[in-house]
Amino acid sequence: MPAPRFARFAIALPLYRVFEYALPDEQPVVPGTRYRLPFTSGTRTGILLESSNASDYEPAKIKPVKERIDQQPVLDAHMLALARWMSDYYLQPIGEVVFQCLPGYLRGARESVSTRVKCWRLVSADAETIENLRSRSPRQFEICQALLTRPAGLNAQELRQINPNWSPVVKALEQKQILSWEWMARRDDPPQDACLPDLSAEQQGVLGEIEPRLQGFAVHLLDGITGSGKTEIYLRMIQSRLDAGLQVIYLVPEIGLTNQLIERVEQRYGNCFAISHSGLTELQRYRAWERFRRAEVSIMLGTRSSLFSRSDALGLIIIDEEHDSSYRQEDGIRYHARDVAIKRAQMLDIPIVLGSATPSLESLRNRTRDCWHSYRLEQRPTGFAPPRLELIDVRNSRLDCGCSAATFARVEKHLAASGQVLMYLNRRGFAPIVMCHECGWQAQCEHCDARLTLHQSLHSLLCHHCGFSQGVPEACPQCGHGEVKHYGIGTEQLEQGLKQRYPKTPILRIDRDVIASREALKSRLQQLQGGEPCILIGTQMIAKGHDYPAITLSVVLDADQALFSASYRASERLAQTLFQVSGRSGRGDREGEAVVQTRFPDHPLMQALLRKDYRSIAADLLQERQSYGFPPFARVVMFRADALELEVALDILEQIKARLQGVQQFDSIACIGPMPALMTRRIGRFRAQLCLMSQDFKVLRSVLRRAMPAIEELPGSARCSWSIDVDAHDL
Ligand SMILES: [Zn+2]
Ligand SMILES: [Zn+2]
């Protein structure tokens, strides 16, 4: 067969089209391979999507590719099909989506890197030669002796364990032609003697139900209260997949705090897993991807984008804390990793497990659908129930660093009983408001519609949206009054206040400002694990799935803001946060307590949190959403635009709306806007939005499909860019 002459390429550009080039007369031509392509004035990397012998263009005008980068394709047919589905479903430019499926390291023209290691083996291994070394060169003898029992060879790391100064010894043996080395794939076997914890009857029951269903595609929703042992169920399922020679992708929302999880996986599976998260370098993440692709490791443990790990033998996907919002990518290509993972499992006909103590309303609604199974875990193996929430009414209380006297009393009770205390305050920095009492001036970001937060340790005012910072003014910049005051409490101030109040108790703060240093984080986590009484302060990161058995009290300091949020998801998020935070307490062999400070104890949601479990609150919220016609009973597609002037952003959305209006059935979907976004100015740009909502997703899609060709022609530019957000979370 003659080699194809033309091919269409994906290029990482925000354009809804592919690019055609002529191919040299060479084989092979495989989709998923990267090429260097001439592009306007320079060179771009493109990924070959499909090839053919004919072109719609005049052949003479089609530029030839510059050169092929990869010997082997970097994306396989399945990943390309997944990318096409994402591009179609999320209405995102195909080029950008295809590149999203690759590790960052490979998105340019960098060549793939070997993950193999040097391995030394005996070449002439007669016992006599080796025996002769015993007296003349004991160090050489020692290494040969070790190699006799390891025909597969030893790598540098293993040789170092035999002799820290192994290199010259091995060189000498190479010269004598007793040893030689070759590149080998590193493949580690799981430890044989991993001892498994006993399963509770409930865990056993759930596993017994799931196991026989792990053939073929199905979504298994594991809905288990905090501390009920979901992780152990994941690990057992992983084992059964590994025994079948298959690989597993295990997604978690955040890895910084999951050292314990890593240790647990390591104990069970030795080095048979790779880790990938945003704290690693591009090269490290790529190596993890490559090792998983080559099946040198069987498990990929990572955050959102690890979903795109390539595998020829994927047998299971696990999404832990499936309700967590970090699975949604909110910039660049917008997608929800949970939903893409379900699609990927379906395409591969493999099972997927979603686990949470506070499942999303989407999943709770979907669990009655075909191919969905749900399982409940309602007990902690320790026998203690998760604490019930109690409210501390702070309406008439004087607060000291954000805490009422009743709260302090509770904290002291637990510290005295050698318990650890967790204090949740989702606001970093020292104080969120800096203002002048005389004229009402407030410290505002120059680039965003946002207040600046005082960070006392940095002696500066910071914008949490764009990173803008400025010094703390000594006098009011507006009226010159000599004193500028701050209001409200952030984690930094809470830490300072607690340190003064409890000078002998370790106060550990975990938020984005302090965990920039991984060492600092590690030492804090070790202290927690040590089990000595201490107070842990943190933002939402500490509400995520970690397990410190000595925590006996969880305190939520400020939940009230969420009661009056404009977002229709605020109640769901608040319920999830409060149940997650309270669920950190009492996981060990002592009963836990959980308290929430509030000025609105009579608010219906606060009352519900007091009396009901997450499941029945979620049922109420679902009913509420249904009566308002909000997701998951409707689908939302948001067009967003941002520009240097608000009018320009609104104008491009008007143009988009006009194109939508030209399409049949447009009248049957709700269209809100264009209007300025809630936070109109962010990082110096004005933002506007146009929201489409319909309870009939088919109609919504068909309107969009028909309008897209005209919308795609609207130019994006640095002055004004626009994007689409399918299944947008906030209106
Ligand atoms: Zn002033
Ligand atoms: Zn800002």
Side-chain angles (χ1 to χ4, degrees), residues 278 325-326 328-332 334 425-493 509 511-516 539-541 558 561-562 564-567 570 573 638 640-650 652-653 674-689 716-723 725 728-731:
S278 58
S325 59
S326 68
R328 251 183 77 76
Q329 177 149 303
E330 299 278 7
D331 48 9
R334 291 166 193 270
L425 176 61
N426 200 20
R427 200 186 295 124
R428 61 199 174 88
F430 194 84
I433 302 172
V434 175
M435 64 182 287
C436 167
H437 222 57
E438 284 293 308
C439 73
W441 168 86
Q442 283 198 14
Q444 294 273 350
C445 177
E446 285 177 17
H447 313 285
C448 309
D449 289 332
R451 284 194 291 248
L452 295 176
T453 299
L454 171 64
H455 284 247
Q456 208 166 64
S457 59
L458 303 170
H459 308 290
S460 55
L461 302 174
L462 274 187
C463 173
H464 288 178
H465 300 278
C466 70
F468 169 79
S469 86
Q470 66 176 52
V472 185
E474 298 204 346
C476 170
Q478 194 166 276
C479 74
H481 184 74
E483 200 182 8
V484 172
K485 291 195 165 168
H486 57 76
Y487 297 90
I489 306 284
T491 47
E492 195 186 333
Q493 190 175 158
R509 172 157 70 97
D511 57 31
R512 229 188 317 153
D513 297 323
V514 287
I515 70 155
T539 53
Q540 56 180 352
M541 337 182 109
D558 185 11
Q561 238 177 356
F564 304 100
S565 162
S567 164
R573 283 198 202 116
M638 189 83 88
R640 302 177 194 276
D642 64 83
L644 293 170
E645 298 105 46
L646 182 59
E647 292 68 35
V648 177
L650 289 168
I652 193 120
L653 293 179
M675 58 194 228
L678 199 58
M679 184 191 226
T680 308
R681 202 166 54 110
R682 190 166 182 271
I683 320 184
R685 294 177 74 89
F686 288 89
R687 309 181 315 149
Q689 63 189 42
S717 68
R719 251 190 90 228
C720 176
S721 68
W722 60 272
S723 62
D725 188 355
H729 262 201
D730 281 306
L731 301 186

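One-based numbering, in listed order, for ligands and for the atoms of each. Every heavy atom of this structure was used, including side-chain atoms; hydrogens, water molecules and symmetry mates were not.
- Around the Zn ion (ligand 1), the angle linking Cys476 (SG) with Cys439 (SG) is 100°, rounded to 10 degrees.
- Note: His437 and Tyr487 have parallel aromatic rings, judged against thresholds of 30 and 60 degrees for the angle between ring planes.
- In summary, Cys479 places an N/O/S atom under 2.8 Å from the Zn ion (ligand 1), meeting the contact criterion.
- Here 4 is the count of protein N, O or S atoms positioned under 2.8 Å from the Zn ion (ligand 2), waters not counted.
- Under the rule for a ring pair (Phe, Tyr, Trp, His ring centres under 6.0 Å), His481 has no partner lying at least two apart in sequence or in another chain.
- Two rings, from Phe468 and His447, have their centers less than 6.0 Å apart.
- Among the backbone and side-chain atoms of Cys436, an N, O or S atom lies under 2.8 Å from the Zn ion (ligand 1).
- For the residue pair Thr491/Asp511, the side-chain donor-acceptor check at 3.5 Å is satisfied.
- With hydrogens and angles ignored, the 3.5 Å screen pairs a side-chain donor or acceptor of Asn426 with a backbone N or O of Gln540.
- Asp449 contributes a side-chain N or O that, together with a main-chain N or O of Arg681, makes up a donor-acceptor pair within less than 3.5 Å.
- Shown here is Leu644, whose CG atom has more than 12 heavy atoms of other residues, nucleotides or ligands within 6.0 Å.
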